[in-house]
There are 2 protein chains.
Amino acid sequence: MKKNLQAEKVNKQISIWLVEDNTRYRKTLAGLIDRTPGLVCPQSFSSCEEAFEEVQTSENPDVILLDIGLPGMSGIAGIAKFKEFFPAAHILILTVYDDNDNVFEALCAGASGYLLKDSAPEKIIDSIQEVLAGGAPMNMKIAHKVLEMFTHFKPKKTDYGLTEREKEILQLLIAGLTKQQIGDKLFISFHTVNTHLKNIYGKLHVNTRTGAVSKVYKENLL
Amino acid sequence: MKKNLQAEKVNKQISIWLVEDNTRYRKTLAGLIDRTPGLVCPQSFSSCEEAFEEVQTSENPDVILLDIGLPGMSGIAGIAKFKEFFPAAHILILTVYDDNDNVFEALCAGASGYLLKDSAPEKIIDSIQEVLAGGAPMNMKIAHKVLEMFTHFKPKKTDYGLTEREKEILQLLIAGLTKQQIGDKLFISFHTVNTHLKNIYGKLHVNTRTGAVSKVYKENLL
DNA sequence: TGAACAATGGCGCAAACGTGGTATTTAACC
DNA sequence: GGTTAAATACCACGTTTGCGCCATTGTTCA
């Protein structure tokens, strides 16, 4: 039973969809894919909308090569839609855009890789194999940008000298509880919470609960 | 002038530091690096602390290969320190840990790449070349994890049907202003702000300013 | 033309908040 | 043994908030 399944997988051709508005480039790529053993490109489209019309009548693709600069719906917006139709499919972005916004949005939307059109065609085939093997193929420059994005997430985590108890209270504050509710939850009096809150405000240099909550999120304390 | 600079770069050996507590592995790697044309490993250490003692007396390294599971200071904490001493150096993590927390922390701290110790030694040499070329070498599995992290950043941006004016007021609320202050800033009455706030609470299903602010950050609205 | 919605303005009141104090107990650190 | 910091608790006062209920104006769209 398990053996059969494996055999089936091995024998089955990997199905790849192409969404790319440049006809020449699309045809070249499609040809290249079809000429690669194990890969097949049964469908290719010049826009997302065109592709969506075929989702019911066609076999599910294993990989979708998706451009960003498309007529009509952008590739970025297309990612989410394709994910709805084919949750198991790997979506590889293939575009000329390498700006931070496009990269960030595409990856947040669930792209499994990000290639640039200046890549050699063989590199694209390699990337398809890589994503099928559980990887995340990226152009070298893109990978660098991606790592750089991480450094912006944790600026420095300023230490305001909050005690453990204060952090605990801050968390309940963020949850939207009133002082009385916080006191009840921690089995301490309303007055104690009041005092802690005063100290917290002092340490964070704010004077409202709203200001404190904002500061926690903006400088991701806690 | 420019030509000289290029020539200088080409002629200069790329200097690599090794921080790795397993002596056998460290020596193997150092040997491999020294045997690679253009690369040289003048220093290798078994802990971050040991390396920090040499920062004044040695030439700046171009690349630092850094383990995470070290005696004393962890490699994660070491990244920031090395970055202080050598802002231009590329730090490559080389470890057995592939859990999300370590990967995330390392990248936030400014690592330029993340390799696993099960990689073939030649792959490590390749990675050094890649990072010098402006890339971000990553193990295939790690790259996949990294992209997956992005999908968690933007859950879906639920639309609560906030109007533009409401968003504007929400922003000032987040800034920590009181209703009166918001009214003054927008040249509208306190009562109007009151009404808007009521509507916002209704749409966001909260009933305190703190709850609203938290919701905005948690589901990154606005 | 009429419905729906956004933005504006208003009143009253109980509840919650921010801030100024003071004070005790306990644990930690020279 | 004295100092310091953290956690606990209380009070009083003025400010701010949340929420009920209502009304007007302008725009958009069927």
Side-chain angles (χ1 to χ4, degrees), chain A residues 72-73 156-222, chain B residues 49 72-73 77 156-222:
Chain A
M73 176 182 282
K156 46 190 170 288
K157 204 142 202 171
T158 325
D159 187 17
Y160 289 97
L162 292 171
T163 70
E164 284 311 307
R165 195 55 156 174
E166 285 164 353
K167 289 178 187 171
E168 203 175 353
I169 284 165
L170 205 38
Q171 255 158 354
L172 297 175
L173 185 79
I174 288 168
L177 304 192
T178 68
K179 296 183 198 179
Q180 187 57 63
Q181 289 170 323
I182 294 173
D184 292 348
K185 197 144 223 166
L186 297 181
F187 303 109
I188 56 179
S189 116
F190 159 84
H191 302 286
T192 307
V193 178
N194 207 14
T195 306
H196 282 307
L197 235 25
K198 273 189 287 194
N199 294 333
I200 291 171
Y201 291 160
K203 287 179 180 178
L204 296 187
H205 310 299
V206 297
N207 57 353
T208 60
R209 40 178 55 279
T210 315
V213 173
S214 272
K215 197 141 196 169
V216 167
Y217 281 108
K218 262 191 283 206
E219 309 190 12
N220 65 322
L221 280 37
L222 303 186
Chain B
E49 289 85 347
M73 177 182 281
K156 44 188 169 287
K157 204 134 196 173
T158 325
D159 186 17
Y160 290 98
L162 293 172
T163 69
E164 284 311 307
R165 194 55 155 175
E166 284 164 355
K167 289 178 188 172
E168 200 175 351
I169 284 165
L170 205 40
Q171 256 159 353
L172 296 176
L173 186 78
I174 288 168
L177 304 193
T178 67
K179 295 185 199 177
Q180 187 57 63
Q181 289 170 322
I182 294 173
D184 292 348
K185 197 146 223 164
L186 298 181
F187 304 110
I188 55 179
S189 114
F190 159 84
H191 300 288
T192 307
V193 178
N194 210 12
T195 306
H196 281 308
L197 235 25
K198 274 187 286 195
N199 294 333
I200 290 171
Y201 291 160
K203 288 178 180 177
L204 296 187
H205 310 298
V206 298
N207 56 354
T208 60
R209 45 187 42 257
T210 313
V213 173
S214 269
K215 196 140 197 172
V216 167
Y217 280 108
K218 260 191 285 208
E219 310 190 11
N220 66 322
L221 279 36
L222 301 188

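Chain letters run A, B, ... following the sequence lines, proteins first and then strands; every chain starts at 1. Being a predicted model, the structure only gives us computed values, none of them experimental. No hydrogens, no waters, no symmetry mates; every other heavy atom, side chains included, goes into these values.
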Testing C:dT8, C:dG10, C:dC17 for proximity to the side chain of B:Arg165, the answer is C:dT8
Which sits closer to the 5' end of DNA chain C, B:His191 or B:Gly161, going by the nucleotide each is nearest to? B:Gly161
Using the closest heavy atom to pick a nucleotide of DNA chain C for each, name whichever of B:Glu166 or A:Gln180 lands nearer the 5' end. B:Glu166
Heavy-atom check, side chain of [X] versus side chain of [Y], under 4.5 Å:
X	Y	result
A:Val193	A:His196	no
B:Val213	B:Lys218	no
B:Leu204	B:Leu162	yes
A:Leu186	A:Ile169	yes

Measure [atom1]/[X] against [atom2]/[N] and give the value in whole Å, please.
X	N	atom1	atom2	answer
A:Ile169	D:dA6	CD1	C1'	11 Å
A:Glu164	D:dT8	CD	P	13 Å
B:Lys203	C:dA7	NZ	C1'	11 Å
A:Ile188	C:dT24	CD1	C1'	16 Å
B:Phe187	C:dT8	CZ	P	13 Å
A:Asn199	C:dC17	CG	P	17 Å
B:Leu186	C:dA6	CG	P	18 Å
A:Ile182	D:dT8	CD1	P	13 Å

Here the pair of heavy atoms bringing A:Gly176 nearest to B:Thr208 is O-OG1, 3.9 Å
For D:dT8 and A:His196 - does any side-chain N or O of the residue sit under 4.0 Å from the phosphate oxygens OP1/OP2? yes
It should be established whether B:Thr163 places a side-chain nitrogen or oxygen under 4.0 Å from OP1 or OP2 of nucleotide C:dA7. yes
Could you pull out all residues at least two apart from B:Tyr217 that satisfy ring pair (Phe, Tyr, Trp, His ring centres under 6.0 Å)?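 Counting only residues at least two positions away or on another chain, B:Tyr217 forms a ring pair (Phe, Tyr, Trp, His ring centres under 6.0 Å) with A:Tyr217.
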Looking at B:Val206, B:Leu170, B:Val216, which hits side-chain contact (heavy atoms from CB on, under 4.5 Å) with B:Ile200?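 Filter result, single survivor: B:Leu170.
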Per-nucleotide protein contact string for nucleotides 18-30 of chain D, where B marks a base within reach and S marks sugar-phosphate only (heavy atoms under 4.0 Å, - for neither): BBBB---------
Touch class at under 4.0 angstrom, heavy-atom based, for A:Thr192 against every strand present: base
